[in-house]
A.B. asks: 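Pasting a structure below so you can have a look.
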Amino acid sequence: MMDYKGYKAQIDFDNDAGIFVGAVINTRDGITFTGRSVDELRRAFREAVDDYLAMACDMAGNTEQPYSGKLAIRVNPILHRAIATCAEREGKSVAAWVADQLTQATGINAVKAG
């Protein structure tokens, strides 16, 4: 995981091409980059984010801010108690239990936030 200016990237290695491939994960806009070494990958990531932000200036700021990974919600106290009970039963914090439930509901595999 890489982090730059609040944008987080997940890195994979393409064995066939022999390169690292990165994608920014906390925005819906497609920001990708590649590199043959870690240093090259870091440089490409920073350039990709900087280019994206420069494009935002040209488009009057019409780019998406990165998602922080923090989600604040309000629920009915009865639901809150039920969630806490479920979390305790599974030996998890409420936050971890809710994250697991959202992961299952969306079909998105959990990715560690840098």
Side-chain angles (χ1 to χ4, degrees):
M1 187 74 64
M2 297 173 80
D3 190 334
Y4 179 64
K5 295 185 177 180
Y7 292 87
K8 297 186 183 310
Q10 184 170 327
I11 311 303
D12 292 309
F13 184 72
D14 182 335
N15 196 44
D16 294 335
I19 59 172
F20 293 101
V21 178
V24 174
I25 61 170
N26 58 335
T27 181
R28 287 181 295 211
D29 293 332
I31 305 172
T32 60
F33 53 95
T34 62
R36 295 201 176 278
S37 68
V38 173
D39 288 338
E40 189 177 312
L41 187 68
R42 278 193 188 111
R43 244 186 337 273
F45 175 42
R46 291 179 179 146
E47 287 175 7
V49 169
D50 289 341
D51 289 348
Y52 176 74
L53 295 173
M55 181 183 67
C57 290
D58 293 343
M59 295 172 42
N62 290 332
T63 59
E64 184 176 43
Q65 293 300 309
Y67 290 98
S68 68
K70 297 175 186 172
L71 181 66
I73 61 170
R74 297 197 186 280
V75 296
N76 177 301
I78 295 169
L79 177 58
H80 191 170
R81 182 182 313 126
I83 291 169
T85 301
C86 290
E88 185 178 343
R89 187 177 352 163
E90 293 183 23
K92 298 178 181 177
S93 68
V94 168
W97 187 86
V98 169
D100 287 348
Q101 298 306 306
L102 294 173
T103 296
Q104 289 176 15
T106 61
I108 303 293
N109 288 330
V111 176
K112 284 187 178 180

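Nothing here was measured: the structure is a model prediction, and the numbers come from that model. If you read the sequence from its start, that first residue is 1, and numbering goes on from there.
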A.B. asks: Between Leu102 and Ile83, is there a shared hydrophobic cluster once you connect ILVMFWY residues whose side-chain heavy atoms come closer than 4.5 Å?
C.D. replies: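 Yes, one cluster joins them.
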A.B. asks: Counting only heavy atoms not in Glu40, do more than 12 fall under 6.0 Å of its CD?
C.D. replies: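 Yes, because the 6.0 Å sphere around CD of Glu40 holds more than 12 heavy atoms from other groups.
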A.B. asks: Report yes if the side chains of Tyr52 and Thr27 come closer than 4.5 Å at any heavy-atom pair, otherwise no.
C.D. replies: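 When only atoms from C-beta onward are counted, Thr27 and Tyr52 do touch, with a gap below 4.5 Å.
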A.B. asks: Which atoms form the tightest heavy-atom contact between Ser93 and Ala87, and what is the distance?
C.D. replies: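 Heavy atoms only, the tightest pair is O-CB, 3.7 Å.
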A.B. asks: Do Phe13 and Ile11 belong to the same hydrophobic cluster, where Ile, Leu, Val, Met, Phe, Trp and Tyr are linked whenever their side-chain heavy atoms lie under 4.5 Å apart, directly or via other members?
C.D. replies: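 Yes: a chain of side-chain contacts under 4.5 Å links Phe13 to Ile11.
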A.B. asks: Does the side-chain contact (heavy atoms from CB on, under 4.5 Å) test come out yes or no for Ile31 and Phe45, once each step is laid out?
C.D. replies: CA-CA 9 Å; Ile31 305 172; Phe45 175 42; 5.9 Å; no
A.B. asks: Just wondering, more than 12 heavy atoms not from Ile78 lying within 6.0 Å of its CD1?
C.D. replies: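 Atom CD1 in Ile78 is not crowded, with 12 or fewer foreign heavy atoms closer than 6.0 Å.
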A.B. asks: In terms of hydrophobic clustering (I, L, V, M, F, W, Y; side-chain heavy atoms under 4.5 Å; direct or indirect links), are Met55 and Tyr4 co-clustered?
C.D. replies: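 Linked within one cluster.
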A.B. asks: Can you spot which of Arg46, Lys8, Arg42 makes a side chain to side chain contact (heavy atoms under 4.5 Å, CB included) with Met2?
C.D. replies: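 The option that passes is Arg42.
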A.B. asks: Could you go through Val49 and Phe33, starting from their C-alpha distance and side-chain angles, then the distance that decides it, and tell me whether this counts as side-chain contact (heavy atoms from CB on, under 4.5 Å)?
C.D. replies: CA-CA 10 Å; Val49 169; Phe33 53 95; over 6 Å; no
A.B. asks: What distance separates Leu53 CG from Lys5 NZ, expressed to the nearest 0.5 Å?
C.D. replies: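 Those atoms lie 5.5 Å apart.
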A.B. asks: Decide if atom CG of Asn76 counts as having more than 12 heavy atoms of other residues, nucleotides or ligands within a radius under 6.0 Å.
C.D. replies: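 Yes, enclosed.
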A.B. asks: Are Leu41 and Val38 connected in the hydrophobic side-chain network, where two residues link if heavy atoms are under 4.5 Å apart?
C.D. replies: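 No, because Leu41 and Val38 fall into different hydrophobic clusters, even though each may have its own neighbours under 4.5 Å.
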A.B. asks: Look at the side chain of Asn26 and the backbone N and O of Gly6, then say whether any donor-acceptor pair between them is shorter than 3.5 Å.
C.D. replies: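 Checking the backbone N and O of Gly6 against the side chain of Asn26, a donor-acceptor pair under 3.5 Å is found.
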